[in-house]
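These figures come from a predicted structure and were not determined experimentally. Throughout, a chain's letter reflects where its sequence line sits, starting with A, and its residues are numbered from 1.
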Number of protein chains: 4
Amino acid sequence: MFINLDFESKEPIYVQLIHQIIEGIAKGKIQPGEALPSVRSLAADIGINLHTVNKAYQHLKQEGFILIHRQKGVVVNPEGVPEADDAYRDQLKSKLHPLIAESICRKVSEQEFSELCSQLFTEFNEGKGGK
Amino acid sequence: MFINLDFESKEPIYVQLIHQIIEGIAKGKIQPGEALPSVRSLAADIGINLHTVNKAYQHLKQEGFILIHRQKGVVVNPEGVPEADDAYRDQLKSKLHPLIAESICRKVSEQEFSELCSQLFTEFNEGKGGK
Amino acid sequence: MFINLDFESKEPIYVQLIHQIIEGIAKGKIQPGEALPSVRSLAADIGINLHTVNKAYQHLKQEGFILIHRQKGVVVNPEGVPEADDAYRDQLKSKLHPLIAESICRKVSEQEFSELCSQLFTEFNEGKGGK
Amino acid sequence: MFINLDFESKEPIYVQLIHQIIEGIAKGKIQPGEALPSVRSLAADIGINLHTVNKAYQHLKQEGFILIHRQKGVVVNPEGVPEADDAYRDQLKSKLHPLIAESICRKVSEQEFSELCSQLFTEFNEGKGGK
DNA sequence: GTGGTCTAGACCACG
DNA sequence: GTGGTCTAGACCACT
């Protein structure tokens, strides 16, 4: 797997896991319909507890990223992730808010900020082309 | 004060405080050199614990946003906030990373994302003009 | 067959099967005395495990909905389903209890609730008239 | 507390807990804004694990029944429970569906069913008057 | 003292 | 073998 965790980070492990999997989907490393490792095997792979993996999976399921079949295991939502709605946009805005506030204080220009975003977007889409 | 806390939020109160003060600086509501309320009075104003305010102030001092004089009290750093360095840019990038990943999954175009950022930047700068 | 399963559902497949067959009987799509597919053929039809179908059939037999003859196969109870007794009424009540509690919390009026039930009753009986 | 669990039941404990709390709200035993016991104390009271209580609380929080303050503890949503929307009505319908199907098979008349519901509604509302 | 997180180990239902 | 549930015990962040 492509999972890469930082056990020293303040960010909870299950949150990191969520982000890593979302990034995997964003980059096309895992395609809709594709299977994810079982809770147990992923936990063993990464060397963490199965409950931690489960917590991440449950969250991703609730957000519509994945489906959890009781017996068959876990797959990326074959219909794709639910598109952005107003609730998501509000949430995104409120997460960007403090980042932009601090950037302004630190004299990061809007242009530089925009370029940084652009760079990240490109990074994801390149991964998509190749895989 | 312009502090606006959400006690239901998952975000710790001291973090919200930090963000609110940084936003106040970004919008020019509080200028470099200007004084901030003392730990005690701010805590009393908002109705939260002394320690919580103190924790926020300590963090802001650490980051160079404010100075804490034992007698004179708290002031916004008169020399302005330290400009962005590579460490800050890395940190900013790592915070944007998961946001952009999810946006891509949810079919938010780079353009829409960029416009959202632009909108937030404008919002801050308008506050600056008027105060 | 008229069986319609949701493999993504949290509801176990054998439970869904039970419900579907009961609904078939309620709507008159399958009449008392009528034969049901064998365990093997139904399993093959739907593409699920033998054991799963068997579990559903055993449950239905236990409840008096169907009879399972070793040779003749499976038939809907020709004498009709056992009528409601106190045990059944208690069970029904305990299943309705949490539904009604939540409905009250969510400001669903007794009238609206009643109309919803009425609508479902009608739905079943219409199926009965036509078949 | 008014919590009453059946440890022999097939129903998971955390689900029973959810139902009991919702019923408490429906009956007005716990009012909007009122505090619920802490995860630990409730777990100790009932004699179950704190994680089980937490799971129930998390679910209730997600459904809008309660608010969880990080430090202050748990309170019933002071703004009341979110009113029924179409999603809830669909869900309610799909839960009533199998109940009504079986009732029809067992020759429970629509009237009898309706009276049973009415009786349950009354039961809840009486609790409300008195408390 | 509160909830949040993580670990560990166990049993069960399902298919 | 899969996820679901429950228990138990530990540490941490927050206030």
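The minimum heavy-atom distance linking Ala101(B) with Ala26(A) is given by the pair O-CB, 3.5 Å. Taking both residues in full, the closest heavy atoms of Pro32(A) and Val76(A) are given as CA-CG1, 3.7 Å, listed atom of the first, atom of the second, then distance. Nearest heavy-atom pair across Val81(D) and Cys105(C) is CB-O, 3.7 Å. When all heavy atoms of Leu5(B) and Leu17(B) are compared, the closest pair comes out as CD2-N, 4.0 Å.
Annotation: the span from Ile21(A) atom CD1 to Leu42(A) atom CG amounts to 6.5 Å, rounded to 0.5 Å. To the nearest 0.5 Å, atoms CD1 (Ile3(A)) and CD1 (Ile48(A)) are separated by 9.0 Å.
A side chain to side chain donor-acceptor pair (under 3.5 Å) with Glu8(C) holds for exactly one of Lys72(A), His69(A), Arg70(A); it is His69(A).
Taking only side-chain atoms of Val74(A), from C-beta outward, the nucleotide of dG3(E), dG3(F), dG15(E) with the closest atom is dG3(F).
Contacts of Val39(B) classified as side chain to side chain contact (heavy atoms under 4.5 Å, CB included), with partners at least two apart in sequence or in another chain: Leu50(B), Val53(B), Asn54(B), Tyr57(B).
Toward the 5' end of DNA chain E, the nearer of the two residues Phe7(A) and Lys61(D), judged by each one's closest nucleotide, is Lys61(D). For the pair Ile13(B) and His69(A), nearest-nucleotide mapping onto DNA chain F gives the more 5' position to His69(A).
Looking at heavy-atom distances under 4.0 Å, Ile48(D) makes contact with sugar-phosphate atoms alone, never a base. At the heavy-atom level, Asn49(A) lies under 4.0 Å from base atoms of the strands shown. Residue contacts shown for Gln58(A) are limited to sugar-phosphate atoms, with no base heavy atom under 4.0 Å away.
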field: Per-nucleotide pairing state of DNA chain E [Watson-Crick or G-U, under 3.5 Å; [ ] pseudoknot-crossing; | other strand]
entry: ||||||||||||||.

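For the pair Leu42(D) CG and dT2(E) P, the interatomic distance rounds to 12 Å; values are reported in whole Å. Atom NE2 of His59(D) is separated from atom P of dC6(F) by 13 Å (rounded to the nearest Å). Rounded to a whole Å, the CD1 atom of Ile46(B) is 12 Å from the P atom of dT15(F). Distance, Asn54(D) CG to dT5(F) P: 14 Å, rounded to whole Å. Between the P atom of dT5(F) and the OH atom of Tyr57(A) lies a distance of 18 Å, rounded to the nearest Å. Remark: P of dG15(E) and CD of Glu8(C) are 13 Å apart, rounded to the nearest angstrom. Atom CD in Gln16(D) sits roughly 13 Å away from atom C1' in dC6(F) (whole-Å rounding). In this structure, Ile18(C) atom CD1 and dA13(E) atom P are separated by 15 Å, rounded to whole Å.
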Would you tabulate the pairs of protein nitrogen or oxygen atoms and nucleotide nitrogen or oxygen atoms of nucleotides 10-13 of chain F closer than 3.5 angstrom?
none

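With hydrogens and angles disregarded, a donor-acceptor distance shorter than 3.5 Å links the side chain of Gln16(C) to the backbone of Glu11(C).
No more than 12 heavy atoms of other residues, nucleotides or ligands shown are found within 6.0 angstrom of NE2 on His51(C).
Applying the 4.0 Å criterion to OP1 and OP2 of dC14(F), one finds that Thr52(B) has every side-chain N and O outside that range.
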